[in-house]
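Since this is a predicted model, take the numbers as computed values, not measurements.
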Amino acid sequence: MKYIDPHIHCVSRTTEDYLYMARAGVVAVTEPAFWAGFDRSSAASFADYFRHLTDIEPQRAARYGIDHYCWLCINAKEAEDVELSREVIKLIPPLLSHPRVLGVGEIGLNKNTRNEITIFEEQVDLAARHDQLILIHTPHLEDKHKGTSIIVDVLKNDRRIKPERVLIDHCEEHTIRIARDHGFWAGLTIYPVTKVTPQRGADILEQFGPRMIMVNSASDWGESSPSMLTDTCLEFLRRGHSDREATEIFFNNPCRFCGQCPKWKLRPLESSTGY
């Protein structure tokens, strides 16, 4: 079986992780811009990071037969510094034409503060002005339901935003309906320490069905692993679901969402049910 991990932070993963992904059947990944484990001190730090995402990491992934794409933004955790955030945002427009950049992300909220909302709105505007796909980070530390509701309100209030071109990630049982009911794609992050376990992920897939839903590992420098993606698929299959159903969720759905960007080269497999 082939897999796509639509949210993984490869810059923080080892060569062994790439070897695992290749052996497991992961053929493509998309990597959103995120927090580096510390707050960066200048826009120049982000400029170097963006080069790592657009030029260096795709070369690294290609050594293992993995197609690597990325997203650019200033993440919610560092968006509290409005002045720095605006300097970083100025770096992004010239990079949006890069062949490995799918859109703007992962933008969203961390602690649901006024400054975070301001920078979120400005990055939504950036995406809208440049007709970009959007990948959303929903909060972990504060009220996820409240943060997700704020995010959806901002997106729905901007008439330029097409919901089918937005992925609201890190959904859980109490927030996935908010995303789905408003026409957005929903992401399940299998990161058992702070997010969803493979078992809970399979439960959610069974409850809500495969339409406009994706599964990812969001592996970074924390207690996470690329194996969470494949472990969830195995749990899904163990419950009696077919290979065809799994292919829809773990390969075809990421192709459908990312394929809205003409730079994305992979296409859904023929087993598609055509929903």
Side-chain angles (χ1 to χ4, degrees), residues 1-37 45-73 75 91-92 95-107 132-135 137 167 169-170 185 187-191 214-234 246-247 249-269:
M1 181 164 169
K2 293 182 179 180
Y3 297 89
I4 294 170
D5 196 333
H7 185 147
I8 181 171
H9 299 291
C10 294
V11 298
S12 58
R13 306 311 300 187
T14 66
T15 299
E16 289 295 321
D17 290 316
Y18 268 120
L19 287 169
Y20 168 81
M21 287 191 285
R23 291 166 180 161
V26 175
V27 296
V29 299
T30 87
E31 179 165 4
F34 83 131
W35 191 51
S45 297
F46 283 89
D48 288 339
Y49 174 51
F50 292 162
R51 178 171 174 265
H52 193 159
L53 290 177
T54 57
D55 297 335
I56 306 305
E57 209 59 37
Q59 295 176 17
R60 185 175 173 226
R63 296 190 189 105
Y64 306 95
I66 296 172
D67 212 7
H68 179 287
Y69 295 86
C70 67
W71 308 73
L72 302 179
C73 74
N75 68 89
L91 299 174
I92 295 174
L95 300 174
L96 292 175
S97 61
H98 191 285
R100 289 286 146 183
V101 176
L102 294 178
V104 176
E106 56 183 299
I107 61 174
Q132 297 292 305
L133 296 177
I134 299 175
L135 196 160
H137 168 95
L167 168 61
D169 214 344
H170 312 323
W185 283 81
L188 301 181
T189 298
I190 312 302
Y191 195 132
M214 285 181 274
V215 179
N216 64 77
S217 70
S219 301
D220 54 20
W221 42 262
E223 295 179 31
S224 55
S225 170
S227 70
M228 292 294 99
L229 179 69
T230 48
D231 286 353
T232 305
C233 184
L234 291 173
T247 296
I249 294 166
F250 293 89
F251 186 89
N252 286 349
N253 276 355
C255 281
R256 292 187 180 102
F257 176 71
C258 297
Q260 296 178 92
C261 174
K263 301 171 191 174
W264 180 262
K265 296 182 175 62
L266 290 83
R267 294 294 177 262
L269 299 175

ask   = Can any side-chain N or O of Y3 pair as donor or acceptor with the backbone N or O of T247 at less than 3.5 Å?
value = no
Test salt bridge (Lys or Arg N to Asp or Glu O under 4.0 Å) applied to D17 - qualifying residues, sequence neighbours left out = R13
task = Report the residues that fulfil ring pair (Phe, Tyr, Trp, His ring centres under 6.0 Å) with Y69, sequence neighbours left out, ordered by chain and then residue number.
result = W264
query = Excluding sequence neighbours, so at least two apart, what forms side-chain hydrogen bond (donor to acceptor under 3.5 Å, both in side chains) with Y191?
reply = D220
message = Holding to side-chain hydrogen bond (donor to acceptor under 3.5 Å, both in side chains), I want the full list of residues that pass it with T54, two or more places apart in sequence or in another chain.
response = none
message = List the residues meeting ring pair (Phe, Tyr, Trp, His ring centres under 6.0 Å) with Y18, not counting sequence neighbours, and say none if there are none.
response = Y64
ask   = Are V27 and I66 close enough that some pair of their side-chain heavy atoms sits under 4.5 Å apart?
value = no
query = Once you round to the nearest 0.5 Å, how far does OG of S12 lie from CH2 of W35?
reply = 12.0 Å
inquiry  = Main chain of P6, side chain of T30: is a donor-acceptor contact present, judged purely on distance under 3.5 Å?
reply    = yes
key: Distance (rounded to the nearest 0.5 Å) between L72 CG and L102 CG   = 9.5 Å
request  = For D67, check salt bridge (Lys or Arg N to Asp or Glu O under 4.0 Å) against everything at least two apart and list the hits.
outcome  = R100
Distance, nearest 0.5 Å, that separates NZ of K2 from CG of N252 = 11.0 Å
task = Tell me yes or no: between the side chains of H52 and E31, is some donor less than 3.5 Å from an acceptor?
result = no
ask   = In chain order, what residues pass the salt bridge (Lys or Arg N to Asp or Glu O under 4.0 Å) check against R60, with sequence neighbours excluded?
value = E57
task = Using side-chain hydrogen bond (donor to acceptor under 3.5 Å, both in side chains) as the criterion, list what pairs up with D48, not counting sequence neighbours.
result = none
message = How close do K263 and V101 get, counting heavy atoms only, and between which atoms?
response = NZ-O, 2.8 Å
request  = Applying side-chain hydrogen bond (donor to acceptor under 3.5 Å, both in side chains) between S217 and each of D5, T232, D231, report the one that passes.
outcome  = D5
query = Heavy atoms, side chains only, cut-off 4.5 Å: are I56 and R51 in contact?
reply = yes
task = Please identify each residue that fulfils side-chain contact (heavy atoms from CB on, under 4.5 Å) with E223, with sequence neighbours left out.
result = V193
task = Compare all side-chain heavy atoms of W71 with those of F34 and state whether any distance is below 4.5 angstrom.
result = no
query = So do N216 and I190 actually touch side chain to side chain, heavy atoms under 4.5 Å?
reply = no
message = Which residues pass the side-chain hydrogen bond (donor to acceptor under 3.5 Å, both in side chains) test with Q132, not counting sequence neighbours?
response = none
request  = Drop me the distance from L234's CG to S227's OG, to the nearest 0.5 angstrom.
outcome  = 10.0 Å
note = Correct closest heavy-atom pair for L53 and H68 would be O-CE1, 3.6 Å
query = Which value, rounded to the nearest 0.5 Å, describes the distance between M21 atom CE and E16 atom CD?
reply = 11.5 Å
key: Neighbour count >12 (heavy atoms, 6.0 Å) for atom CZ, R267   = yes
remark   = For C10 and V29 the tightest heavy-atom approach is SG-CG2, 4.1 Å
ask   = With A246, which residues qualify under side-chain contact (heavy atoms from CB on, under 4.5 Å), at least two apart?
value = M1, C233, F236, L237, F250
task = For W185, enumerate each residue passing the ring pair (Phe, Tyr, Trp, His ring centres under 6.0 Å) test, keeping only those at least two apart in sequence or located in another chain.
result = F257
ask   = Quick one: CG on L133 to CD on Q260, what's the gap to the nearest 0.5 Å?
value = 5.5 Å
ask   = Does H9 use its side chain to pair, donor to acceptor, with the backbone of P32 at less than 3.5 Å?
value = yes
key: Pairwise side-chain contact, E106 with L167, heavy-atom cut-off 4.5 Å (strictly under)   = no
query = Counting only N and O atoms by type, is there a donor-acceptor contact under 3.5 Å from the side chain of S224 to the main-chain atoms of S219?
reply = no
task = Return the minimal non-hydrogen interatomic distance between I249 and N253, and the atom names on each side.
result = O-CB, 3.8 Å
